[in-house]
Amino acid sequence: MDRVESLLAQLDPEQRQAVSHGEGPLLVVAGAGSGKTRVLTYRIAYLLAKGLAHSHEILAVTFTNKAARQMVERVETLIGGRPQGGFVGTFHRFALQLLRNHPREAGLPLRFAIADEDDQRRTLERVLKRLAVPTERLTARAARSRISAAKNALLSPRQFAEAARTPDQLLLAEVFAGYQGELTSAGAVDFDDMLLLSVRLFEQEEAIRKGLTDRFRWVLVDEYQDTNEAQARLLKLLTGKHPNLTVVGDEDQSIYRWRGAQVENILRFDQTYPGAKVVTLGRNYRSAEPILRAAAAVIANNTQRRPKKLSSEAGAGVPVTAYQAADEVDEARFVAEEIERLRAEVRPGEMAVLFRINAQSRPFEAELVRRGVPYVVVAGTRFWERAEIKDAVAYLRLLVAPDDTLAFRRAVAVPPRGIGEATMELLEHAAGEWGVALPEAARRLPATLTNRARLSLEKFFGLLEELRAQAGTHPVDEVVSTLLDRSGLAAMYSEASEEDRARRANLDELVTAAAEASERGLDLAGFMDEVALVADADLRATGEAVQLSTLHAAKGLEFDAVFLVGMEDGLLPLRREDANSIEDLEEERRLAYVGMTRARKRLYLTSARIRRLHGKQMPGRLSPFFLEVPRDVVVDRTAAAGRDPFRATLPYPGAPAAGGWGREPRTPSPEPRSSGGRESGPRPPGPGPRSSSSHPDGWRPGLKVRHASFGSGVILQVQGTGAQTKLVVYFDRAGRKTLIPSLAKLERA
DNA sequence: GCTTGCGGTATTTTT
DNA sequence: TACCGCAAGC
C-alpha cells in the first residue's frame with residue numbers, strides 16, 4: 001500500500017479524487033494546465049499498484065502517437081517498469097489493428113490498403129469527373145470533408161442517400177457512393193473507414209466485441225472533447241455494460257469541430273454513461289494570474305460549456321502585453337525584438353509565436369532569420385506529404401499489396417514511362433471487363449495496349465518482382481535504397497537545382513526512416529502501416545528554438561512566453577465564406593483560449609492595422625476576443641513603441657461596450673501605409689544574439705554560409721564542439737537543416 | 001504523352 | 001503573393 005499512498009500524496013485533492021476512483025465511468029474535466037496528463041498516468045499507475053488492474057487489461061487511447069508515447073514513458077517512470085500487454089495508442093492505430101486482425105469479418109480484403117488524403121482527393125477528382133460535376137458545384141476538397149463528416153456520423157453512402165433531400169445532398173450522395181465504390185474496388189479504406197468499420201465490426205460480430213470487452217477491463221481516453229461520433233460509439237461498444245471508462249478532457253479546448261469532433265460527447269458524458277462520476281480539476285499550475293484571468297474572461301463568452309473557474313497556482317506574474325502594429329511587418333519586428341530581449345532570461349525553446357494560419361509565419365521567419373534567432377516552424381510541408389516521398393511510398397505499398405490500385409496509379413506515372421491517360425483508360429476498361437483490380441489488369445497486359453505501353457508495363461512489373469524478392473530476404477531500408485536506385489525515382493532529381501537536391505535529401509531521409517523501422521523489427525508491411533499512421537509531428541525534434549506554430553499545432557504544449565499574433569477580426573476569428581455560425585465563432589474563441597493558456601509567464605497579444613495576406617490587404621480590425629480581455633490585466637505597448645498612437649480600429653460590433661481598446665478617439669489620418677515598422681530604423685542584419693559564445697571553429701549564429709547542395713544560408717544555432725559540432729542552418733532555398741560541418745561541405749559565404 | 005503558361009484560389013489538419 | 005490544376009503546344 002505504500003506505493004499507492006505515495007502516488008496519491010503527490011496529487012492535489014481533486015486529482016487524487018480522480019486518480020483513486022474505483023470502478024464505473026469517470027469524467028475528468030481538466031481545465032488548461034490543471035494536470036490532465038498527470039491524472040491519466042497516475043490513474044494507470046494507481047490501478048496497477050492497487051492491484052485493481054493488470055497491465056494487459058488496460059486500454060489507453062489518445063489522438064496522437066506523441067501523446068501515446070508520452071503516456072507510456074510517464075507510466076513507466078511511475079511504476080518502474082514497462083507495462084506489458086495492454087494497449088496504449090491512437091484511436092486509428094487501435095482500429096487498424098482490429099481490422100488487420102479481422103479483415104474478413106470487416107468485409108475487407110486480406111491486405112487492404114490505406115488511402116491517405118492524397119489518394120482520397122485523386123479518387124474524388126476521378127469520381128467528380130466521371131459524374132461530370134462542374135467544379136463550381138462541388139470541389140473534391142469540399143466533397144472530401146463532407147463525406148468525412150458523413151462517415152464520422154456513421155452514415156453509409158446508402159443511408160446518406162436515403163436522407164438526402166436537397167439537390168446538393170443528392171449530388172453528394174451520388175459522389176459518396178461513387179467514391180466508396182472506387183475505394184472498395186481498390187481494396188482500400190480511408191482514415192474515417194477505419195473507425196467506421198471498427199464500429200460496424202463490433203456491432204455485427206458480438207464474439208469479437210466481447211473478446212475485447214472482456215480483455216480490456218479498463219479503458220482510458222485522453223482529449224475526450226475531440227472525439228467524433230464514431231469514436232464515441234466505438235468506446236461505448238467497447239466498454240460494454242460495466243464501463244470502467246475514464247475520459248479526460250476540456251470542452252474549452254475542443255478545436256477540431258471542423259473535423260467532426262463533437263463537444264457534446266464530453267458535455268453529455270453523464271447522460272451517455274449514467275451514474276458517471278465527474279471530477280473537475282480547477283487548479284491551474286501553468287499560467288501566471290493575469291494570463292489566466294485574460295484567458296478566462298475570453299472563454300467565459302462561450303455558451304457551449306460548463307461554467308467553471310480556474311484558480312491560478314502559478315503566481316502573480318506580469319501583465320499581458322498588447323501591441324497593435326502598423327502592419328504585419330511591424331508586428332513581426334515587434335515580436336522578434338521582444339524575443340531578442342527576452343533571450344536574456346528565457347531560452348528560445350521556451351518561447352512560441354502562435355498564429356491562426358500558416359501563411360502568417362513568413363514575416364516572423366524573416367525577422368528571426370535576420371536576427372539570427374533560432375526557430376522552428378512547426379508543420380510546414382510535412383515530410384510524408386511530399387510528392388517525392390509519396391511516389392516512393394506508392395511503390396512500397398505495391399510491394400506489400402500488389403492490387404493496391406491507388407498506389408498503382410501513382411507509381412506507374414513516376415518517373416514518366418509513357419503511360420498516360422490513354423493507357424490508363426484502356427486498363428480501366430480491361431479491368432472492368434475482366435472484373436479484376438486495375439493492377440491485375442495491367443499485369444495481364446491487355447492485347448489492346450500499344451507496344452510501347454506493353455514494354456513499359458512489363459519493365460515496371462519486372463522491377464516490382466525484383467524488389468518483392470528482395471523484400472523477402474532483406475531489411476526494409478535496403479529495399480527502399482534499391483527501389484530509389486532502380487526505379488529512377490532518385491535520378492529524376494538533378495544535382496543542378498537546389499530544390500531537387502532537397503528532394504533527394506528527403507528520399508535519403510526515407511531510407512533512414514526505413515532503417516529505423518527495420519531496427520524495431522518491422523517488415524515492409526509493418527513499415528507501411530506505420531507510415532500511414534504516423535504524422536510528421538511525431539518526428540519533429542524541437543531543440544532550442546523559438547517555435548512558430550499554428551494554434552492547432554500548439555495544443556498540449558506550454559511555453560514561458562507566448563506571442564499570440566494576428567488578433568484581428570477575420571483572422572482570429574477566421575472569417576470563412578461559408579456560414580459563420582455561432583458554433584464556428586465559439587470554436588474560434590476556444591482557439592484563442594488554447595493559445596493564451598499555452599503561456600506560463602508572459603503573454604503577448606498583437607495585431608496589425610493593415611495586413612497583406614494572399615496578396616490582398618485586409619483591414620485590421622481588432623479581434624473581438626482581444627476586446628474581451630479585461631483592461632486591467634493588460635499593458636498596451638503600442639504608444640510606448642514611439643510610433644503614432646494606434647487608431648482607426650473600430651470596435652467589433654458585438655464587443656462589450658465598455659473596456660477594450662477600440663474606443664479611443666481616433667485622429668483621422670491618411671492611409672497608414674508605411675508609418676510604422678520602419679520608424680525604428682532598419683536593423684543591421686547583425687551577428688545575431690550577442691549572447692552566443694564564440695565557437696572554437698568560428699561557427700556562430702548569424703554567420704552566412706554556403707552548402708554544396710542547399711546553397712546559401714545563415715547559421716541559426718551551434719551545438720557541441722569539435723567533431724560533434726552540429727549546426728542548424730537556415731537555407732534560403734532548402735529551409736532549416738541540421739548539419740555536421742565536419743561532414744557537410746560547408747563554407748563561409 | 002509530356003512540358004509551358006494562365007487563371008483561379010487560398011483555413012485549421014491529432015490519423 | 002504563391003501554388004496548383006488545367007489547357008494548349010511539341
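Convention: sequence-line order gives letters A, B, ...; per-chain numbering from 1.
In this structure, Leu128(A) atom CG and dG5(C) atom C1' are separated by 14 Å, rounded to whole Å. The separation between Phe63(A) atom CZ and dT12(B) atom P is 20 Å, rounded to whole Å. The distance between atom CD of Glu588(A) and atom C1' of dT12(B), rounded to the nearest whole Å, is 8 Å. As rounded to whole Å, 11 Å separates atom C1' of dA10(B) from atom CG of Leu574(A). Between the C1' atom of dT14(B) and the CZ atom of Arg93(A) lies a distance of 13 Å, rounded to the nearest Å. If you take CG of Asp192(A) and C1' of dT13(B), they are 12 Å apart, rounded to a whole angstrom. Atom CD in Gln360(A) sits about 18 Å away from atom P in dA10(B), given to the nearest Å. Going from atom CZ of Arg141(A) over to atom C1' of dA10(B) covers 8 Å, rounded to whole Å.
Ranking dG1(B), dT14(B), dT13(B) by closeness to the Arg452(A) side chain, first place goes to dG1(B). Side chain of Arg259(A), nearest nucleotide from dT13(B), dG1(B), dT12(B): dT13(B). Across dT12(B), dC2(B), dG1(B), the shortest atom-to-atom separation from the side chain of Ala422(A) is found for dG1(B). Closest approach to the Thr550(A) side chain among dT14(B), dT13(B), dG1(B) is made by dT13(B) (side chain taken as heavy atoms from C-beta onward). Closest to the side chain of Arg356(A), out of dC2(B), dG1(B), dT12(B), is dT12(B). In the set dG1(B), dT14(B), dT13(B), the nucleotide with an atom closest to the side chain of Tyr256(A) is dT14(B).
If you check every strand for non-hydrogen atoms under 4.0 Å, Arg121(A) touches sugar and phosphate atoms only.
Of the residues listed (Leu354(A), Val376(A), Val353(A), Val377(A)), the one engaging Gln547(A) in a side-chain contact (heavy atoms from CB on, under 4.5 Å) is Val376(A), and it is the only one.
Figure legend: cation-pi geometry between Arg100(A) and Phe112(A), with NZ or CZ positioned under 6.0 Å from the six-membered ring centre and within 45° of its axis.
Only the P atoms considered, dG5(C) is 16 Å distant from dT12(B), to the nearest whole Å.
Between Phe216(A) and Phe87(A), the ring planes lie perpendicular to each other; the angle is over 60°, past the 30° to 60° tilted range.
Of the two residues near DNA chain B, Asp226(A) and Pro416(A), the one whose nearest nucleotide lies more 5' is Pro416(A). Heavy-atom nearest nucleotides on DNA chain B were determined for Glu223(A) and for Arg417(A), and the one closer to the 5' end corresponds to Arg417(A).
Using a 4.0 Å cut-off, some side-chain N or O of Asn358(A) falls inside it from OP1 or OP2 of dT13(B). When the side-chain nitrogen and oxygen atoms of Thr62(A) are compared with OP1 and OP2 of dT14(B), none of them lie within a distance under 4.0 Å. In this structure, Arg362(A) does not reach the dA2(C) phosphate: none of its side-chain N or O atoms is under 4.0 Å from OP1 or OP2. For the OP1/OP2 pair of dT14(B) and a distance below 4.0 Å, the side-chain nitrogens and oxygens of Asn65(A) include no atom meeting the criterion.
A salt bridge links Arg257(A) with Asp584(A): the closest approach of a Lys/Arg side-chain nitrogen to an acidic carboxylate oxygen falls below 4.0 angstrom. Salt bridge status for Arg122(A) with Asp119(A): absent, with no side-chain N to carboxylate O gap under 4.0 Å.
Using a 5.5 Å limit on the distance between ring centres and a 30° limit on the angle between planes, the aromatic ring of Trp258(A) does not count as stacked on the six-membered base ring of dT13(B).
The side-chain heavy atoms of Glu328(A) and Arg362(A), taken from C-beta on, include no pair separated by under 4.5 Å.
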